[in-house]
Number of protein chains: 2
Amino acid sequence: MGTVTKALSLLDYFNRSRAQIGLSDMTRLSGMNKATVHRLLTELAELGFVEQVGSGREYRLGPAFLRLAALREAAVPMRELSLQVLHDLSDATSETAHMSLLQGDQLSTLAYAYSPVHGTKVTMEDAEVLTLHTTSSGLAVLAYSPADFVDRVLAAPLEAKTPDTITDPDQLRARLRAVRDTGIAEYVGGFEEDVHSHAVPIFDSAQAVIGAVAVAAPVSRMDDTLIALVRAEVKTHAMNLTRLLGGFPPDDFNRDIPA
Amino acid sequence: MGTVTKALSLLDYFNRSRAQIGLSDMTRLSGMNKATVHRLLTELAELGFVEQVGSGREYRLGPAFLRLAALREAAVPMRELSLQVLHDLSDATSETAHMSLLQGDQLSTLAYAYSPVHGTKVTMEDAEVLTLHTTSSGLAVLAYSPADFVDRVLAAPLEAKTPDTITDPDQLRARLRAVRDTGIAEYVGGFEEDVHSHAVPIFDSAQAVIGAVAVAAPVSRMDDTLIALVRAEVKTHAMNLTRLLGGFPPDDFNRDIPA
DNA sequence: ACCAACGGTTCAAATAATGAACCGACCATA
DNA sequence: TATGGTCGGTTCATTATTTGAACCGTTGGT
């Protein structure tokens with residue numbers, strides 16, 4: 001392992017519940033020699049990557065990250081990142097993948113990717129607007145939204161886009177509980193007939209939901225084999241996108257899919 | 001220079017106008033050996049601190065910074081606190097307010113706030129980098145920095161950003177004495193022409209200067225009335241921010257403005 | 001067809017990283 | 001107030017990593 005990796009791997013020991021770490025703790029956590037850890041932390045401190053909290057006390061993450069994160073964000077727009085992940089995802093599933101962001105009480109499609117494998121596929125429009133109660137992405141977002149927001153959305157008139165759209169608030173709430181249990185949302189024909197989709201929420205740096213990644217296929221093609229594949233792939237790719245965007249799943253987010 | 005410093009100093013060559021850098025360019029910019037730069041970039045890439053844009057193409061800042069910046073802000077909500085104060089300050093003065101942190105021998109902009117009152121205003125960029133000898137914030141920081149740091153900064157070549165930039169060390173030292181007398185720094189057109197700004201230093205819990213809060217306005221608008229208002233407001237808001245951040249001004253810091 | 005510049009690789013020589021032992025300071029407990 | 005444990009930090013001979021000139025194969029412009 002190179003010295004740079006050793007130094008930067010120290011940063012991984014910081015997290016929300018452990019914002020400050022002392023030299024001895026860091027030595028234990030990393031398994032490295034105390035002198036080594038001290039030298040690395042000192043060097044990181046000079047660069048502003050960590051800082052010492054008081055006088056000769058614990059270390060915490062430094063201010064340099066704010067500057068570099070701003071530059072990163074300026075250099076790589078969210079849409080480009082989403083497209084990369086969606087391309088992978090549609091490749092892995094051979095179906096249409098898309099990503100949408102919560103805007104007001106609707107979802108607006110940020111990006112999508114098609115697979116060339118099948119002649120028939122679910123197609124999207126640029127910046128297509130989706131409603132929350134008619135799509136798997138909407139259920140994924142609602143399932144991790146604050147209660148008052150969910151209340152407001154479900155109190156409004158819920159229009160049926162198809163005969164299969166769920167418009168009963170109680171039924172929708174039951175679906176949201178199911179989503180929270182599995183970490184993944186499913187909807188058959190709620191927005192358009194003949195479309196079966198699975199969606200996983202995307203979170204921001206404050207662990208709040210900001211949108212969802214979904215895979216959509218024609219109902220006829222979505223058999224048990226494809227369902228298993230799609231669920232696994234959407235889950236991992238969505239987690240990956242959350243990470244790329246600098247976000248964190250909430251602590252109660254179902255990290256491991258129970259089959 | 002330690003290996004870690006070498007690796008992380010590569011990151012400083014990225015900025016808004018140069019978001020992607022190739023291996024050869026980076027070699028030239030850093031003055032290091034190409035093999036060394038390649039190894040360091042590869043190591044940084046494995047950790048997500050940089051990433052390669054296409055297949056065997058240029059490098060850019062990686063996604064790790066978003067995660068770490070979020071953790072930093074969760075641990076120390078410096079940016080959020082600054083934004084609150086800056087918002088108040090720009091409201092009170094009807095001009096642009098900004099806060100920057102000392103990083104190495106430069107200032108990096110942490111946050112800023114605009115006033116909606118005037119159509120023309122001084123604009124900022126996210127994470128904009130300011131030099132110490134060209135800005136009122138820089139003078140404010142230098143005036144309360146240790147002598148050896150000031151010596152080092154003033155001994156380096158001082159580039160003129162505008163015709164009004166002060167590049168003579170003796171003249172700058174005279175300005176620093178004036179800053180210490182009043183507790184507030186002033187600069188007209190040192191960084192950009194037509195900008196007149198006032199700045200007050202921010203201190204940490206060890207009474208050491210860590211940055212500055214400033215208000216910047218177009219030269220034409222900065223008349224005696226506005227100057228008096230800005231000086232009073234910057235002073236109180238900066239003191240307030242120092243306090244919010246858990247810091248203390250040094251004992252010789254001029255607490256009451258003598259008009 | 002050519003040349004220059006690109007990203008990337010090699011390996012002996014040079015250099016920086018390492019770690020066991022050691023400080024003084026601090027803080028409970030005795 | 002002694003004492004034992006832990007803290008952050010330091011030292012320096014040993015060791016392992018980093019370094020850099022030269023070298024690939026590839027690409028793109030002339």
Side-chain angles (χ1 to χ4, degrees), chain A residues 1-15 17-63 75-76 84, chain B residues 1-15 17-63 72 75-76 104 146 148 204-208 210 246:
Chain A
M1 186 175 14
T3 310
V4 177
T5 303
K6 275 180 208 155
L8 296 181
S9 68
L10 293 181
L11 302 174
D12 285 336
Y13 295 109
F14 294 102
N15 56 48
S17 58
R18 195 201 282 277
Q20 303 187 166
I21 307 182
L23 175 60
S24 297
D25 277 345
M26 189 62 98
T27 302
R28 275 186 288 274
L29 285 168
S30 64
M32 296 191 256
N33 185 277
K34 187 167 59 161
T36 302
V37 173
H38 178 254
R39 188 177 47 79
L40 296 177
L41 285 175
T42 302
E43 212 165 343
L44 288 172
E46 273 166 18
L47 295 154
F49 281 71
V50 301
E51 67 182 8
Q52 278 184 287
V53 58
S55 58
R57 295 280 315 285
E58 299 187 302
Y59 296 84
R60 68 182 175 201
L61 292 173
V76 188
Q84 289 174 14
Chain B
M1 190 182 355
T3 310
V4 177
T5 302
K6 274 180 208 156
L8 296 181
S9 69
L10 293 181
L11 302 174
D12 285 336
Y13 295 108
F14 293 102
N15 56 47
S17 58
R18 195 201 282 277
Q20 302 187 164
I21 307 182
L23 175 60
S24 297
D25 278 344
M26 190 62 98
T27 301
R28 274 186 289 275
L29 286 168
S30 64
M32 296 190 249
N33 185 275
K34 186 166 60 161
T36 302
V37 173
H38 179 254
R39 190 177 47 79
L40 295 177
L41 285 175
T42 303
E43 213 167 339
L44 287 173
E46 275 167 16
L47 294 154
F49 282 70
V50 301
E51 66 182 6
Q52 277 184 285
V53 58
S55 59
R57 294 281 313 286
E58 300 186 302
Y59 297 84
R60 67 182 176 200
L61 291 174
R72 157 75 184 183
V76 191
D148 58 346
D204 68 8
S205 59
Q207 301 181 301
I210 55 169

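Just so it is clear: chains get the letters A, B, ... in the order the sequence lines come, proteins before strands, and each one is counted from 1.
- Residues from residues 32-42 of chain B with heavy atoms under 4.0 angstrom of DNA chain D, sorted by number: N33(B), A35(B), T36(B), R39(B).
- Computed from coordinates, the M1(B) CE to dT18(D) P distance equals 15 Å when rounded to whole Å.
- In plain terms, the two heavy atoms of F49(B) and F49(A) that are nearest each other are CE2-CE2, 4.5 Å.
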### Task
Output, in order, the C-alpha distance, side-chain angles, deciding distance and verdict of side chain to side chain contact (heavy atoms under 4.5 Å, CB included) for Q52(A) and R57(A).
CA-CA 6 Å; Q52(A) 278 184 287; R57(A) 295 280 315 285; 6.0 Å; no
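- When rounded to the nearest whole Å, the span between CG of L44(B) and P of dG8(C) equals 14 Å.
- Side-chain contact between L29(B) and L10(B) is absent, with no heavy atoms from C-beta onward closer than 4.5 Å.
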Sequence neighbours excluded and cut-off under 3.5 Å, please list the side-chain donor-acceptor pairs for residues 31-41 of chain B, or say none.
{"from": "N33(B)", "atom 1": "OD1", "to": "A35(B)", "atom 2": "N", "distance (Å)": "2.7"}

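- Look at CZ on R60(A): it is 16 Å from P on dG8(D), rounded to the nearest Å.
- Note: CD (E58(B)) to C1' (dG7(C)) measures 11 Å, nearest angstrom.
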Using atom types as modelled, flag every donor-acceptor pair under 3.5 Å from a side chain in residues 18-25 of chain A to any protein atom, sequence neighbours excluded.
{"from": "Q20(A)", "atom 1": "NE2", "to": "E58(A)", "atom 2": "OE1", "distance (Å)": "3.2"}
{"from": "D25(A)", "atom 1": "OD1", "to": "R28(A)", "atom 2": "NH2", "distance (Å)": "2.8"}

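- The phosphate of dC7(D) has neither OP1 nor OP2 within less than 4.0 Å of any side-chain N or O from Q52(A).
- Proximity of S24(B) to the phosphate of dA5(C): no side-chain N or O atom is located under 4.0 Å from OP1 or OP2.
- Contact annotation: Y59(B) does not reach the phosphate of dC6(C) (side-chain N/O to OP1 or OP2, under 4.0 Å).
- Rounded to whole angstrom, the span from the CD atom of Q20(B) across to the C1' atom of dC6(C) amounts to 16 Å.
- To the nearest angstrom, P of dG8(C) lies 11 Å from CZ of R57(B).
- When the nearest nucleotides of DNA chain D are assigned to D25(A) and G2(A) by heavy-atom distance, the more 5′-ward of the two goes with D25(A).
- Going from atom CG of L23(A) over to atom C1' of dG24(C) covers 15 Å, rounded to whole Å.
- Closest approach of V4(A) and E43(B) over heavy atoms only: N-OE2, 3.4 Å.
- Atom CZ of R28(B) is separated from atom C1' of dG7(C) by 12 Å (rounded to the nearest Å).
- Atom CG of residue L8(B) and atom CG of residue L44(B) lie 6.5 Å apart, to the nearest 0.5 angstrom.
- Under 4.0 angstrom from either OP1 or OP2 of dT17(D) there lies no side-chain N or O belonging to T3(A).
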